[in-house]
Amino acid sequence: QVQLQESGGGLVQAGDSLTLSCAASGRTSSSYAMGWFRQAPGKEREFVVAISWSGGSTYYADSVKGRFTISRDNAKNTVWLQMNSLKPEDTAVYYCAARYSSSEYYYVRPRDYIYWGQGTQVAVSS
């Protein structure tokens, strides 16, 4: 079992930056691929970015490419999402997710993930 806890959300203005963190606890000795998803009110959960267990492979949704950066430190059991040039359409609850994986593959579908955090709210005003 792995528990995930997101933090770092908040209310910012368009153009601002924000960094989200996802701290893993529990069975962290295994290898995990990680991902960030988001869900705006009335919309389905949307893929944002994914990273392989080593951090060597990443994949971004077109909507955030060039503005968001994912990184991880396995020694700290933490994944970060650096969000720059935020837009009002980035407003959503952001979730981190994990699944067992020792390959360099990343996963983009919510159903590919086993463990989920509770989410952190990001609100971007215009």
Show every donor-acceptor pair shorter than 3.5 Å between a side-chain atom in residues 9-18 and any protein atom, with sequence neighbours excluded, or say none if there are none.
residue, atom, partner, partner atom, Å
Asp16, OD2, Gln13, N, 3.1
Ser17, OG, Asn84, OD1, 2.9

Atom pair [atom1]/[atom2] of [X] and [Y] - distance to nearest 0.5 Å:
| X | Y | atom1 | atom2 | value |
| --- | --- | --- | --- | --- |
| Gln5 | Asn77 | CD | CG | 14.0 Å |
| Ile114 | Gln1 | CD1 | CD | 9.5 Å |
| Leu81 | Thr69 | CG | OG1 | 8.0 Å |

Out of curiosity, does [Y] fall in the hydrophobic cluster containing [X] (side-chain heavy atoms, cut-off under 4.5 Å, transitive links)?
| X | Y | result |
| --- | --- | --- |
| Val49 | Tyr59 | no |
| Val108 | Tyr105 | yes |
| Val122 | Val79 | yes |
| Leu4 | Tyr95 | no |

Query - Non-neighbouring partners of Arg109 that pass salt bridge (charged side-chain N to carboxylate O under 4.0 Å, His left out), sequence neighbours left out - result: Asp112
**Report entry** salt bridge (charged side-chain N to carboxylate O under 4.0 Å, His left out) against Glu89, all qualifying residues, sequence neighbours excluded
**Finding:** none
Report task. Any side-chain hydrogen bond (donor to acceptor under 3.5 Å, both in side chains) involving residues 114-126? Give me the pairs, sequence neighbours left out, ordered by first then second residue. Result -> Tyr100-Tyr115
Check whether any side-chain N or O of [X] sits under 3.5 Å from a backbone N or O of [Y] as a donor-acceptor pair, and report yes or no.
| X | Y | answer |
| --- | --- | --- |
| Tyr60 | Ile70 | yes |
| Ser57 | Glu104 | yes |
| Trp53 | Ser101 | no |

What pairs of residues pass the disulfide (SG to SG under 2.5 Å) test when at least one of them lies in [range], not counting sequence neighbours?
| range | result |
| --- | --- |
| residues 39-68 | none |
| residues 82-126 | Cys22-Cys96 |
| residues 56-86 | none |

Specify the closest pair of heavy atoms between [X] and [Y], including all atoms of both residues, with the distance to one decimal.
| X | Y | answer |
| --- | --- | --- |
| Tyr106 | Ser52 | CB-N, 4.4 Å |
| Ala24 | Val2 | CB-CG1, 4.1 Å |
| Glu6 | Gly119 | OE1-N, 2.8 Å |

Query raised in the report: Pick from Tyr113, Trp36, Phe37: which one makes a ring pair (Phe, Tyr, Trp, His ring centres under 6.0 Å) with Phe47?
Result: Phe37
Report task. Kindly write out the residues that satisfy side chain to side chain contact (heavy atoms under 4.5 Å, CB included) with Ala92, not counting sequence neighbours, or none if the list is empty. Result -> Arg38, Ala40, Tyr94
Requested in this report: Output all residues satisfying side chain to side chain contact (heavy atoms under 4.5 Å, CB included) with Ser7, sequence neighbours left out; order by chain, then residue number.
Outcome: Ser21
Report task. Can you tell me which residue pairs pass the salt bridge (Lys or Arg N to Asp or Glu O under 4.0 Å) test with a partner in residues 70-85, sequence neighbours excluded? Result -> none
**Report entry** Side-chain touch Leu20/Met83, heavy atoms, less than 4.5 angstrom
**Finding:** yes
Report summary line: Residues at least two apart in sequence or cross-chain that pass ring pair (Phe, Tyr, Trp, His ring centres under 6.0 Å) with Phe68, listed by chain then number, are none
Query raised in the report: Considering residues at least two apart in sequence or located in another chain, which fulfil the side-chain hydrogen bond (donor to acceptor under 3.5 Å, both in side chains) criterion with Lys65?
Result: Asp62
